[in-house]
Structures are given as C-alpha cells and as structure tokens.
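All heavy atoms count here, side chains included; hydrogens, waters and symmetry mates do not. So you know, we letter chains A, B, ... as the sequences are listed, proteins then strands, and number each from 1.
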There are 2 protein chains.
Amino acid sequence: MEDFHYNPHISVDCVIFGFDDQKINILLIKRKQSGKNVFALPGDLVQKGEDLDHAASRVLFELTGLQNLYLEQFKAFGSPDRIKDPVDIEWIKSIREHPEERVITIGYNSLVKVDGFEFTPSSFAEEVLWHPIEKPQKLAFDHNDIANTGWFMLREKIKREPMIAFSLLPEKFTLRQLQTLYEAIVGISLDKRNFRKRMLRNNFLVAMEERETGVSHKPAQYFRFDEDTYREDFARDQWFLF
Amino acid sequence: MEDFHYNPHISVDCVIFGFDDQKINILLIKRKQSGKNVFALPGDLVQKGEDLDHAASRVLFELTGLQNLYLEQFKAFGSPDRIKDPVDIEWIKSIREHPEERVITIGYNSLVKVDGFEFTPSSFAEEVLWHPIEKPQKLAFDHNDIANTGWFMLREKIKREPMIAFSLLPEKFTLRQLQTLYEAIVGISLDKRNFRKRMLRNNFLVAMEERETGVSHKPAQYFRFDEDTYREDFARDQWFLF
DNA sequence: GCAAAAGTGTTACTGATACACCCATGG
DNA sequence: CCATGGGTGTATCAGTAACACTTTTGC
C-alpha cells in the first residue's frame with residue numbers, strides 16, 4: 001500500500017451495471033472479515049493530481065480490463081458519518097494510513113456489456129460477482145445509498161438519453177433482448193408488436209444478415225445499433241408540459 | 001477568518017436561479033481585485049463535520065436570508081487544475097490558510113422567488129447581482145463550467161420534474177408568467193391557446209379570486225400552485241422509446 | 001408433431017397542432 | 001377611442017394502445 005500516492009480525502013465508488021438477458025445486475029466485491037462475507041461497491045481513493053473521472057476509469061479498468069466504458073458521475077456523498085458501522089471502521093483502519101480522515105466519495109455509474117470479459121483479480125477485491133439490482137443486499141459503508149441513488153439516476157438518464165442503454169447489449173442483439181432490457185429498466189411490460197413497430201421505424205437499428213442459431217424455435221434476426229445514424233436522426237428535444 | 005473550522009479539501013458552489021418575468025438570471029458575487037471586477041459564483045469551504053447539503057444551505061442563507069429553498073447537488077468538480085488563472089491563485093492565497101491544497105467543489109443548483117427578498121451583505125461578497133443566464137460573462141476559477149453545467153442539469157431536471165419550476169414563480173402568478181417562464185427554460189415559444197388548454201386541465205393550478213390591478217389592459221387572473229394535488233394527480237412515469 | 005419464441009396489420013382512440021377574434025382596462 | 005395583453009373553440013393530424021394468428025426451428 002503506497003498511500004503517499006493518494007489524496008486521503010476523496011474517493012470514487014462505481015456502480016457498474018450489466019444485463020444478462022433477463023435482468024440488470026451490479027458488480028459487487030466480496031471480502032471476508034471476522035468470518036463473515038461483506039459486500040461493497042468497487043472504489044478507491046483518488047490519487048494526488050488525478051482527475052475524478054480518471055480515478056473511476058482506473059477502478060473499472062483494474063476490475064474488468066475494459067476501457068472507454070460508459071461512465072458518468074451521478075452524485076457526491078459527503079455525510080460526516082457515512083462510515084459508522086464498527087465493522088467498516090475496523091476495515092478502514094486496516095487499509096488506510098489516515099483512517100480517521102473524513103472522506104468524500106463521488107458516485108459513478110458505468111455500463112458494461114457482460115459478454116466477453118472476465119473479471120481481473122484485483123488488489124482490492126477478493127472476489128467479484130454480479131448481483132441482481134432488484135434483490136436487496138446489505139452493503140458496507142453507505143454503499144446501499146450510493147447504489148440505490150445510482151440506479152435511480154441511471155433510469156432518469158435513460159429516459160432522457162435512451163441511447164446509452166445499448167452499452168448494456170452485445171454488439172449484435174435481437175429485438176427480444178432489446179425489449180427485455182427496456183422492460184428491466186422501466187419496470188413494466190410492453191406489447192411486442194407495438195414495441196417492434198416503434199423500433200423498426202428507427203434507422204439507427206440496422207438488421208444484420210445473421211440470425212440466431214441453435215435455438216429450438218424460429219431463429220431471431222440480429223440487429224446492431226448505429227450510433228452515427230442515431231445522432232443524426234434523433235434530435236430529442238421533447239419537452240413535457242406538466 | 002477562522003480556518004480551523006473548515007475542511008480545506010471540500011467546497012460547495014451554488015448556481016442560484018431567479019426569474020424576473022422576462023428571463024432567467026443567476027446570482028453572482030463581484031469583488032474588486034487589482035482594480036478589476038471579478039465575478040464568481042457564491043460558495044464556501046465545507047466546515048468540519050458539516051454535511052454537504054448543509055454547507056450549500058448555509059451559503060444560500062448567508063446571501064439571501066432565505067431557508068428551505070429548492071436545492072440540489074448536480075456535480076462534483078475535481079480537476080487538479082481547476083484553479084489556474086494567476087488572478088485566482090492570488091485571490092486564493094489571500095483568503096485561505098492552505099492555499100496550495102487541492103479543493104474538490106460540489107456544484108449545487110438552487111431556485112429562488114425573486115420577489116420579496118433582499119440580498120444580505122455577506123462576509124464573502126462585496127456586491128451581489130443578478131446576471132442573465134444567456135448573457136456570457138467570464139467567471140473566476142472553473143465557475144463558467146460549473147454554471148453552464150448547472151443550467152444544463154436544471155433544464156434536464158425540469159423536463160422530468162416540471163414541478164420545481166414553480167419555485168421560480170411568486171405564490172400567485174398569471175398564466176402568462178408561467179408561459180414566459182416555460183419558454184425561458186425551454187428556449188422555444190409556445191402557442192398561447194394550447195398552453196392554456198393544457199395547463200387548465202391540471203387540477204394543481206387553482207384559480208384565485210384575485211386579478212391583476214393597475215395594468216392598462218384586461219387584468220389577468222391569478223393562479224397558485226397546489227403541491228399536494230400535483231403529487232396526487234401527477235404520477236409522471238412517462239417512458240420514451242427512442 | 002409438438003413446444004417455444006419469432007414475426008406480422010388493422011382499428012379505435014387520445015392528445016398535439018394550427019389558427020383569429022372579442023374583451024376589459026388605463027390613459 | 002386607442003393601445004395592450006387577456007381570454008376563448010374547432011378541425012385536422014399523428015402517435016399510441018389493444019389485440020390473435022402463422023412461421024420456423026430443435027427435439
């Protein structure tokens with residue numbers, strides 16, 4: 001631990017979302033402490049001279065090996081008593097050079113495509129796992145607050161900028177996957193025909209030659225998301241009068 | 001200056017919006033430095049043991065004498081070089097005990113009703129003024145970035161929760177004021193009849209007995225905003241599929 | 001041939017837009 | 001009596017919502 005690199009007052013915590021074709025999950029790290037499992041969001045202190053966004057990217061990269069992920073700050077958490085559980089205090093004392101320092105943490109949301117990456121064994125994570133966002137799980141520190149706020153902010157963000165949802169899907173995906181994702185985010189179910197109708201009039205969804213294989217039903221067509229077309233066509237400037 | 005009260009690593013900066021029946025303004029403070037006027041957002045270091053939201057409320061209260069204003073954090077600004085202008089560095093040196101410390105600042109948006117309050121002479125403001133948000137004005141530090149981001153975030157927020165816009169209007173207001181406010185936020189102009197039609201089917205707008213007086217045209221009816229009715233009726237859960 | 005998900009159109013309804021004139025007041 | 005902004009209705013258009021059956025594949 002080379003604490004002299006770090007600014008002991010500021011940290012980042014990442015809420016990393018993934019979609020497994022059924023539901024939305026977040027990435028948690030697990031550590032053993034006094035024989036019990038303790039779960040937490042991945043995060044780290046910000047280094048001296050390091051930008052906040054850079055610190056969050058660094059945490060993501062160390063954990064997933066991926067770069068250029070969707071990443072957005074959503075809130076700063078600075079309550080003076082955000083670390084109050086004795087178990088957490090004990091943990092902090094074991095890893096920080098200045099455990100008594102008040103730390104402000106900046107919450108970041110990130111979206112990853114679940115297919116095709118492996119967790120990287122990391123300095124700060126004994127074990128890494130996907131956990132369903134809808135399933136309650138006690139987390140360390142104020143991480144429940146951070147995760148809940150992040151999930152709320154992500155949904156708000158997607159309302160305004162639905163494009164980012166494609167960061168959760170593989171490069172090629174079926175309309176059923178897209179609809180399931182949408183339903184998982186929104187929390188309601190949609191009519192299949194109306195959904196397809198609305199989707200297919202968007203030029204940014206381009207049908208690929210390829211179809212599903214190995215499924216015991218009519219194989220679905222794959223689509224991909226064309227970001228350039230989206231940006232051209234989709235000048236969302238909708239305003240809602242109460 | 002009793003710096004020992006303060007946490008020298010964290011500050012808050014407030015983007016305070018007001019509506020003057022024509023346009024949206026933000027509150028700036030002005031100081032004289034080397035014979036030049038320097039403009040900045042109001043802000044302060046966070047005190048030791050003080051919550052971030054509390055620090056922002058404190059800045060607002062010292063400036064306006066008002067409490068329980070609409071207040072929302074919108075972003076943390078933590079670039080290592082956010083203070084780089086020599087004029088700003090000189091200023092920091094003159095007021096901070098640890099001028100070399102890196103400071104993370106948390107940006108807050110606030111909405112005030114312009115009618116019926118006076119600026120309070122404050123420890124940190126030689127002069128306080130309303131400045132049109134649309135009119136460019138160079139600000140100290142990274143305050144242009146903070147103000148622009150705050151304005152953008154406010155507009156995004158109002159799209160999702162238009163209710164908060166009423167924090168900018170007086171208790172009683174005319175539909176014309178409401179429409180002008182809406183147009184100032186959205187940046188487009190609306191058809192008067194359609195606007196009134198949509199507004200008047202909302203139960204949360206309640207017509208008062210009172211009408212305008214002293215105007216040289218047909219006096220307009222006053223309305224007020226009923227927050228309880230709004231919360232009951234207006235379960236906004238609109239989702240937009242691309 | 002059966003189970004399982006893909007794919008496909010029409011109708012009814014609801015909300016948005018476009019548009020022009022009379023009314024009440026102060027000076 | 002004139003200038004000013006307040007206040008009102010209708011017709012058209014576009015988008016949303018509801019709804020059931022046929023197709024293709026693996027086993």
Side-chain angles (χ1 to χ4, degrees), chain A residues 20-23 159 162 169-170 172-184 186-224 233-242, chain B residues 20-23 159 162 169-170 172-184 186-224 233-242:
Chain A
D20 63 10
D21 281 5
Q22 298 298 320
K23 58 196 183 315
K159 284 183 191 177
L169 288 174
K172 57 184 185 191
F173 51 83
T174 66
L175 290 178
R176 161 53 49 186
Q177 284 177 293
L178 181 57
Q179 185 177 341
T180 306
L181 172 60
Y182 223 98
E183 290 172 342
V186 176
I188 56 169
S189 60
L190 302 165
D191 179 86
K192 181 170 58 155
R193 274 180 293 193
N194 292 334
F195 183 83
R196 295 175 65 90
K197 210 185 311 169
R198 270 180 295 188
M199 286 302 125
L200 291 175
R201 71 170 182 237
N202 292 322
N203 295 319
F204 57 75
L205 281 183
V206 308
M208 304 176 73
E209 295 298 309
E210 213 174 338
R211 304 184 141 265
E212 275 182 312
T213 52
V215 290
S216 70
H217 56 76
K218 181 169 176 178
Q221 179 154 48
Y222 281 125
F223 289 81
R224 65 181 178 80
D233 291 10
F234 195 70
R236 166 179 298 257
D237 218 355
Q238 297 179 35
W239 280 88
F240 309 102
L241 294 146
F242 306 98
Chain B
D20 64 8
D21 281 5
Q22 299 298 320
K23 59 196 181 317
K159 285 183 189 177
L169 288 174
K172 58 185 185 190
F173 51 84
T174 66
L175 290 179
R176 160 56 45 187
Q177 283 177 294
L178 181 57
Q179 184 176 344
T180 306
L181 172 59
Y182 222 98
E183 290 172 340
V186 176
I188 57 170
S189 61
L190 302 165
D191 179 86
K192 180 170 60 156
R193 274 180 293 191
N194 293 335
F195 182 84
R196 296 175 66 90
K197 210 187 309 171
R198 272 182 292 190
M199 286 301 126
L200 292 175
R201 71 172 182 235
N202 293 321
N203 295 319
F204 58 75
L205 281 184
V206 307
M208 304 176 73
E209 296 298 309
E210 213 173 338
R211 305 183 140 265
E212 276 182 312
T213 52
V215 289
S216 71
H217 56 75
K218 182 171 176 179
Q221 180 155 47
Y222 281 125
F223 289 81
R224 65 182 177 80
D233 290 9
F234 195 69
R236 164 178 300 256
D237 219 355
Q238 297 181 35
W239 280 87
F240 309 102
L241 294 147
F242 306 100

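Rounded to whole angstrom, the span from the CZ atom of B/Phe195 across to the C1' atom of D/dG7 amounts to 14 Å. The interatomic distance linking A/Phe173 (CZ) with C/dA6 (C1') rounds to 16 Å, in whole Å. D/dG5 atom P lies 11 Å from atom CD of B/Glu212, rounded to whole Å. The distance from atom CZ of B/Arg196 to atom C1' of C/dC22 is 14 Å, rounded to the nearest whole Å. With rounding to whole Å, A/Met199 atom CE is found 15 Å from D/dG15 atom P. If you measure from atom CG of B/Leu175 to atom C1' of D/dG6, you get 10 Å, rounded to the nearest angstrom. Between A/Leu200 atom CG and C/dG9 atom C1' there is a gap of 14 Å when expressed in whole angstrom units. B/Gln221 has its CD atom 13 Å from the P atom of C/dT25, to the nearest Å.
Remark: B/Lys218 engages no residue in a salt bridge (charged side-chain N to carboxylate O under 4.0 Å, His left out) (not counting sequence neighbours). Scanning for salt bridge (charged side-chain N to carboxylate O under 4.0 Å, His left out) contacts around A/Lys23 gives A/Asp20, with sequence neighbours left out. Partners of B/Lys192 by side-chain hydrogen bond (donor to acceptor under 3.5 Å, both in side chains), not counting sequence neighbours: none found. Checked against salt bridge (charged side-chain N to carboxylate O under 4.0 Å, His left out), A/Asp21 has no partners two or more places apart in sequence or in another chain. Partners of A/Arg224 by salt bridge (charged side-chain N to carboxylate O under 4.0 Å, His left out), not counting sequence neighbours, listed by chain and number: A/Asp226. By the side-chain hydrogen bond (donor to acceptor under 3.5 Å, both in side chains) test, A/Glu183 is found to be paired with A/Gln179, residues two or more places apart in sequence or in another chain being considered. Partners of B/Gln22 under the side-chain hydrogen bond (donor to acceptor under 3.5 Å, both in side chains) rule, at least two apart in sequence or in another chain, do not exist in this structure. For B/Arg193, the side chain to side chain contact (heavy atoms under 4.5 Å, CB included) test picks out B/Asp191, with sequence neighbours left out. Scored by the side chain to side chain contact (heavy atoms under 4.5 Å, CB included) test, A/Glu210 finds A/Lys172, A/Tyr222 as partners (sequence neighbours excluded).
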*Could you run down nucleotides 10-18 of chain C 5' to 3' and tag each one B, S or - for protein heavy-atom contact under 4.0 Å?*
B-----SBB
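Minimum interatomic distance between A/Leu175 and A/Phe195 (heavy atoms only, all atoms of both residues): O-CE2, 3.8 Å.
The C1' atoms of five pairs define one axis at each end of the helix from C/dG1-D/dC27 to C/dG27-D/dC1, and these two axes lie 10° apart (to 10°).
Using a 4.0 Å heavy-atom distance criterion, B/Arg176 is classed as a sugar-phosphate-only contact.
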Check the interface with nucleotides 25-27 of chain D: list each N/O to N/O pair with the protein under 3.5 Å, or write none.
| unit_1 | atom_1 | unit_2 | atom_2 | d |
| --- | --- | --- | --- | --- |
| D/dT25 | O2 | A/Ser216 | O | 3.2 |
| D/dT25 | O2 | A/His217 | N | 3.2 |

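Under the 4.5 Å side-chain criterion, counting only non-hydrogen atoms from C-beta, A/His217 is in contact with A/Glu212.
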